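This structure is a prediction, so every number in the text was calculated from the model and none was measured. Numbering of ligands and ligand atoms starts at 1, following listing order.
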Amino acid sequence: MRFDYFGEYGGRYVGETLRPALDRFAAEFVEAWADPEFHARLATIRKTWIGRPTPLFFAENATKALGGAKVYVKMEGLAHTGAHKINNAVGQVLLARRMGKTAVIAETGAGQHGLAVAAAAAKLGLRCRVYMGSVDAARQRPNVFAMEMMGAEVTPVESGARTLKDAINAALREWSATFPDTHYVIGSALGPSPFPEVARRFQAVVGEETIRQMAETGDAIDVMVACVGGGSNAIGFFSPRLDSDSPRLVGVEAGGRGMGPGENAVRMSGGASRVGIAHGYKSRFLMDGDGQVLGSHSISAGLDYPGIGPQLASLGESGRIEFESASDDEALEALTFFARHEGVMFALESAHAGAAAMRIARGMSPGRTVVVNMSGRGDKDLFITAKALGRERWIEYLKSEADNA
Ligand SMILES: *Cc1c(COP(=O)(O)O)cnc(C)c1O
């Protein structure tokens, strides 16, 4: 298929058993994409259930405080379930139903993708099982609860470090045994072909709306900024401009606690990653010399992943997309800044993009324009941000809740 590789990255590195499932999925996707009825169905559910288009606003107070360029914010976090992940989840669950599948499976780290798939499966009438590392399941109790509310079965994964990368391996294994009636919805623009391209197409709506909404403001776009975990919000946001020379496209990785091994999730903007193969695709990974995937760290669970989508890796090397990083502390600072100045709480992931946008805006001349994608909203992070920014009173609150339970 045309979109098997992005430069040297991408491909389909899976066992023989999964090839027929991937072929069938790719063929169905091509057919659905050419079918006006599929697009009509997608458009209706986007409008009436996801809440699209999501707003874009001029961050006037932030612009003044930063003293430079105009800052605009795409409020993708106002999409149903709180982030862009629902765009890919709804699209793929619609495809699953079209293929006659009766169930979907998904992996999840902090639970945001699991929640989006659980919601889409409930809405569209498919069974849903979510694989989640047991360490993640224990520390993300609220999202496990929400997924179960929507009828999903959450299966803890006990292998490896019992986090996201182990959940992906478990889900791929499970899919090999169940694909006749089950579709696997991968949570980002990565995995074996055609998943990266499918995720990009379903997330492109974010960028397309942004271009239309910016045209209404009369301001030209000089820079677009998005955070990069696996890369789905970034590739969707940048999608309409990937083939042009402008604007500048900036992807922001998690700088975590510092540049030491295991302290961050910097794959493109530092020198620590290697070309390798994991999770069914070839890309740049934080891995050791034997090809073992290493642990990563970020205060935001969504950016805490050691690989990066193949198209982003390729566009990073070609220079079309620039990569920067923002640390845990810079993300918290940006979160506070936009909350105070604009009355908007970024998700911790998105706050990395916010931090880079602040840096870029400060360095640009007035009148220039930076558009940042707020990929998610911050209410999901209260247990982390409140502990980081107001520790004592938050712990007091948790104790009193436990005492009263
Ligand atoms: C999961 C998540 C991300 C990271 O995933 P990408 O595929 O890189 O977009 C970013 N922001 C939010 C709010 C998320 O939930």
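Close N/O approach between G230 and ligand 1 is found [any backbone or side-chain N/O within under 3.5 Å]. Considering backbone and side-chain N/O atoms, K85 comes within less than 3.5 Å of an N/O atom of ligand 1. Checked against a 3.5 angstrom limit, the closest N/O atoms of G376 and ligand 1 fall outside it. By the 3.5 Å distance cut-off applied to N or O atoms, A83 is not counted among the residues near ligand 1. Considering both main-chain and side-chain atoms, S350 never comes within under 3.5 Å of ligand 1 through any nitrogen or oxygen pair.
Of the listed residues (T178, V117, T155), just one forms a side-chain contact (heavy atoms from CB on, under 4.5 Å) with R129, and that residue is T155.
Around atom CD of E8, more than 12 heavy atoms belonging to other residues, nucleotides or ligands sit under 6.0 Å away.
With distances taken over non-hydrogen atoms, the option nearest atom 4 (C) of ligand 1 out of A353, A234, G302, G251 is G302. With S375, G309, G378 as candidates, the residue nearest to atom 12 (C) of ligand 1 on a non-hydrogen basis is S375.
Considering all non-hydrogen atoms of both residues, K101 and L126 come closest at O-CD2, 3.7 Å. Across Y305 and G230, no two heavy atoms sit closer than the pair CD2-CA, 4.3 Å.
Listed by atom number, the atoms of ligand 1 under 4.0 Å from G229 heavy atoms are 8 (O). Shown in contact with S188 at under 4.0 Å from a heavy atom are these atoms of ligand 1, numbered in order with element: 6 (P), 7 (O).
Scanning the protein heavy atoms around atom 6 (P) of ligand 1, the nearest turns out to be S232 N, 3.3 Å.
For H84, every heavy-atom contact with ligand 1 shorter than 4.0 Å involves the side chain, none the backbone.
For the pair S188 (side chain) and L190 (backbone), a donor-acceptor distance under 3.5 Å is absent.
Residues R200 and S232 have side chains that never bring a donor and an acceptor to within less than 3.5 angstrom of each other.
Using a 30° and 60° split on the angle between ring planes, F38 and F202 fall in the tilted class, from 30° to 60°.
Ionic pairing of D23 and R12 is present here: one or more N-O contacts between side-chain nitrogen and carboxylate oxygen are shorter than 4.0 angstrom.
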